[in-house]
> 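Supplied in structure tokens, the structure appears directly below.
Owing to the predicted nature of the structure, the values given are computational and were not obtained by experimental measurement. Here is how names work: the chains are called A, B, and so on, in the same order as the sequence lines, proteins then strands, and each is numbered from 1.
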Number of protein chains: 2
Amino acid sequence: MEKTATRSKKQAYHHGDLRSALIATGLKLLETKAGGAIGLREVARETGVSATAVYRHFPDKDALMAALVDAGFEKLADAQEAAAAQHRKRDASFRAIGQAYVHFALAHPALFRLMTSYMHLSGRCAEGEVVGDDRAGRLLKDNIAALLPPDASDRDREVATIQSLALVHGLAQLVLAGRVPNEAALIDAVVDKFGNWDVKS
Amino acid sequence: MEKTATRSKKQAYHHGDLRSALIATGLKLLETKAGGAIGLREVARETGVSATAVYRHFPDKDALMAALVDAGFEKLADAQEAAAAQHRKRDASFRAIGQAYVHFALAHPALFRLMTSYMHLSGRCAEGEVVGDDRAGRLLKDNIAALLPPDASDRDREVATIQSLALVHGLAQLVLAGRVPNEAALIDAVVDKFGNWDVKS
DNA sequence: TCGCTCAGTTAACACTGTCAACATACCGAT
DNA sequence: ATCGGTATGTTGACAGTGTTAACTGAGCGA
């Protein structure tokens, strides 16, 4: 009888994990429907499942969105790591991380907007930490630690981290909102400041 | 009969301008209901008017929200001008403008979240311009022009403008999202970099 | 085999944004 | 002063949303 074998692709989400399937279709919808928000019923429908089935895996819509946010940050970390790997020098690879942040936002606008809208429901930074410790956050902090002079204080590190993140995050959002023109040269010039900290102030 | 005199406060929104009233209650609701979004029906109801009356003054919900965004940026400009006026030195007053941006976001979280969510519907920067030319945008650009060395290029000015705006905007949003701890000293330290441009780079 | 729990279903509720049709207060021209 | 037109409201309905309650059925251990 092959209890859970063939999977048959349709039907029998029973024992296939619907949770991952929902997240997958959610991400797909965010790529397709370039503009605007996404709905719980919509992703359920597109997954071929009844709307209320979602509630077996997520307590409410916000939880589903938070899961999508997490998935988005994973993809962002992927892009950043790939970008960093293409440079040998540490500072060049660090700037590539910043470029990757903005590029990711512009390449996946709907996903990024959702990420910023629901950020507060996911990955709040832990007590004493200065930014979330997801993969993207750790990548940023590790690189800064390696780039700052060895006599830099912890506070210097924290400030540099926040500064860098705020710069690229704000820039990405402003460009996406149309308040800053989407010109590659301009964006590059701004992001190039990414990593120019005056530690001595 | 006094056609439009007493106004009687209730009834007879006829001839009082509902448009401003809607924006006013919208802003009030955003102050009160600290968390979460706002609805067209909700603001109509709270104004004491039927939901569809809104459509006499705004083509759809997005337009109403865009108007609230504009009103929000006006209030932000007020706060920034007031903050700047409390310092004599130009660079100190410029930093005060940056502080005011973050402070405003933290003081009016719901309004600021709405402003970032619907930013793309309002105040898109004009062709050739580098950030919206609302009052807040002009304040920023004017101050930067006055602070940069006179031999700075236009491109230097643009980059410095975007850099400053992206830094405070990103910081505000990250703190509001809980990804950066809400500690005044930390925020001040980050914003103090506001205005440290290496023009020569 | 019985019964339990997991994973899904349908039906309903309250709510939302939006549209069409209807009502009314104002205002200028007659 | 009256009359028609237009701006400004209203009610009623429709589709779609997030969410809950009650039901169904598969799979599995005792």
> C:dC19, OP1 or OP2 - any side-chain N/O from B:Tyr55 closer than 4.0 Å?
no
> Nearest whole Å is fine: how far is D:dG18 P from A:Phe58 CZ?
14 Å
> Do the rings of A:His108 and A:Phe104 sit parallel, tilted or perpendicular, given the 30° and 60° boundaries?
tilted
> More than 12 foreign heavy atoms under 6.0 Å from CD of B:Glu46: is that the case here?
no
> With sugar-phosphate meaning primed atoms plus P, OP1 and OP2, does A:Arg45 contact a base, only sugar-phosphate, or nothing at under 4.0 Å between heavy atoms?
sugar-phosphate
> Determine, step by step, whether B:Glu81 and B:Ile97 satisfy the side-chain contact (heavy atoms from CB on, under 4.5 Å) criterion, reporting the C-alpha distance in whole Å, the side-chain angles of both residues, the deciding distance to 0.1 Å, and the verdict.
CA-CA 7 Å; B:Glu81 283 174 1; B:Ile97 291 181; over 6 Å; no
> How many whole angstroms separate atom CZ of B:Arg19 from atom P of D:dG9?
13 Å
> Would you say a side-chain N or O of B:His57 is under 4.0 Å from OP1 or OP2 of D:dG9?
yes
> What are the residues of residues 60-70 of chain A, sorted by number, that bring a heavy atom to within less than 4.0 Å of DNA chain D?
A:Asp60, A:Lys61
> Set out, line by line, the N/O atom pairs under 3.5 Å between protein and nucleotides 9-13 of chain C.
unit_1: C:dT9; atom_1: OP1; unit_2: A:Ser50; atom_2: N; d: 3.3
unit_1: C:dT9; atom_1: OP2; unit_2: A:Ser50; atom_2: N; d: 2.7
unit_1: C:dT10; atom_1: O4; unit_2: A:Thr52; atom_2: OG1; d: 2.8

> Salt-bridged, B:Lys141 to B:Asp133, with N to O below 4.0 Å?
no
> Hey, is the main chain of A:Arg155 close enough, under 3.5 Å, to the side chain of A:Glu158 for a donor-acceptor pair?
no
> Less than 4.5 Å apart, any side-chain heavy atom of B:Ser93 and any of B:Asn143?
yes
> To the nearest Å, give me how far apart OH (B:Tyr118) and C1' (C:dG17) are.
11 Å
> Check the distance between C:dC15's P and B:Glu42's CD and give it to me in whole angstrom.
12 Å
> Can you label the angle between the A:Phe94 ring and the A:Phe194 ring as parallel, tilted or perpendicular, going by 30° and 60°?
parallel
> So is A:Arg179 actually on top of B:Phe73's ring, under 6.0 Å and inside 45° of the axis?
yes
